[in-house]
Amino acid sequence: MRRELLISAAAGLTLFAAACGDQTAMDEADTEAEMDQTSEMVASEDMNDANDPYAMEDDGDMDAMDDDADNLGQTEAVNEVQDAASGPVGMTSAAATGGDTESFIEAASIGNQYEIQAAELALEKSDNADIQALAQTILDDHLALGEELTSTLEAEGLTFTAPATLDERRQGLIDNLQAASGEDFDETYLDQQIAAHQEALTLFKAQGERGDNAALSSLASSSVATLQAHLDEARAIEESVENAEDEM
């Protein structure tokens, strides 16, 4: 599948950052720039510069770009590389959090916002009944998780203002979902959900095991089973979709 074909590029960037021992190398803005460069190598040969309107015009692709909602997600090749890179970047970030209360609250809040927005898009854009059911479950569970997180923070006297917008990495994922349609949307959503829930499990397990706030650690530990269920269902649906494609 496409995620497996592209994961080596993303993993290479992650290993480079880890080898340097420099967390700033994992900054989302830098990652996006590197992904844009990598995407140019995997794009079609007639797309020498995906961001050059003149190059696009030469190939008769300007109309297609205009029809793309505000050019969300750039091109399919760029989208695939960005999504493939997001998983290992997120896993590295979640592992680095290591149970720190402030970092956990911020990461859990932003991740929850992403899950809600992605599920809403899946309910709107997917025609696959299994994906619709998964999206509804994820939406309900993550809305409940957000409320539980808020009430726990209030009970603990912890002040936290949720960001008004997603971080750059997760906004890029949402942009790619908005740009996708049909079977491509279904595949993109499932790939994203598998990576996002692997990241969430790493984050929540670390908080549950090593968190320095007992109430938040309890919340994290009690959420693991739900997150694991989402991951298992996304994998099962993806396998079912792939098997159906093989039979065609």
Side-chain angles (χ1 to χ4, degrees), residues 10 14-15 17-32 85-120 134-174 192-235:
T14 304
L15 289 173
C20 292
D22 184 1
Q23 283 298 313
T24 60
M26 303 305 296
D27 180 83
E28 283 87 2
D30 291 340
T31 301
E32 292 292 339
S86 179
V89 169
M91 289 288 286
T92 301
S93 176
T97 297
D100 176 72
T101 294
E102 184 176 351
S103 298
F104 170 76
I105 294 171
E106 181 176 1
S109 177
I110 294 177
N112 215 48
Q113 289 182 48
Y114 156 74
E115 289 293 351
I116 290 169
Q117 291 185 32
E120 289 173 340
L134 172 63
Q136 187 64 61
T137 297
I138 288 175
L139 178 61
D140 294 342
D141 289 346
H142 281 272
L143 284 171
L145 177 58
E147 293 175 358
E148 188 175 359
L149 178 60
T150 298
S151 63
T152 300
L153 293 177
E154 292 176 351
E156 291 296 298
L158 297 172
T159 301
F160 175 74
T161 302
T165 59
L166 296 175
D167 61 341
E168 186 173 0
R169 177 168 64 89
R170 292 180 181 85
Q171 185 58 54
L173 296 176
I174 292 297
Q192 286 191 13
Q193 287 307 300
I194 290 171
H197 279 86
Q198 288 174 329
E199 176 182 343
L201 282 167
T202 298
L203 177 70
F204 277 68
K205 286 179 179 179
Q207 180 65 28
E209 295 169 0
R210 305 190 299 277
D212 50 17
N213 180 284
L216 284 175
S217 293
S218 177
L219 167 64
S221 294
S222 66
S223 302
V224 167
T226 297
L227 296 172
Q228 185 66 55
H230 295 170
L231 175 59
D232 291 344
E233 183 63 16
R235 283 172 167 164

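By convention here, the first residue in the shown sequence is residue 1. Keep in mind the model is a prediction, meaning the values are calculated, not measured.
Inter-residue side-chain proximity for Glu233 and Thr137 is flagged as unmet; no heavy-atom pair is nearer than 4.5 Å. Side-chain contact between Ile116 and Gln113 is absent, with no heavy-atom pair separated by less than 4.5 Å. Between Ile110 and Glu106, some side-chain heavy-atom pair lies under the 4.5 Å cut-off. Counting heavy atoms from C-beta outward, His197 and Gln228 have side chains that stay 4.5 Å or more apart. At a threshold of 4.5 Å between non-hydrogen side-chain atoms, the residues Gln207 and Leu216 count as touching. With contacts defined as side-chain heavy-atom distances shorter than 4.5 Å, the pair Leu149/Asn112 does not qualify. Contact annotation: the side chain of Thr202 never approaches that of Glu199 to less than 4.5 Å [non-hydrogen atoms, C-beta and beyond].
Side-chain contact annotation: Gln171 with Asp167, donor-acceptor N/O pair under 3.5 Å absent. A side-chain donor-acceptor contact under 3.5 Å links Tyr114 and Gln192.
Minimum heavy-atom separation, Ile174 to Ala118: CD1-N, 3.7 Å. Shown here for Ile194 and Leu231, the closest heavy-atom pair between the two residues is O-CD1, 3.6 Å. Pairing each heavy atom of Ala220 with each of Gly208, the nearest pair is CB-N, 3.9 Å. For the pair Leu166 and Gln117, the tightest heavy-atom approach, listed with the atom from each and the gap, is CD1-OE1, 3.7 Å.
Classification of Arg170 and Glu115 as a salt-bridged pair fails, no side-chain N sitting under 4.0 Å from a carboxylate O.
Side chain of Ser103 to backbone of Asp100: no donor-acceptor contact under 3.5 angstrom is found. Ser109 contributes no side-chain N or O that, together with a main-chain N or O of Ile105, makes up a donor-acceptor pair within less than 3.5 Å.
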Walk me through whether Thr226 and Leu145 qualify under side-chain contact (heavy atoms from CB on, under 4.5 Å). CA-CA 10 Å; Thr226 297; Leu145 177 58; over 6 Å; no
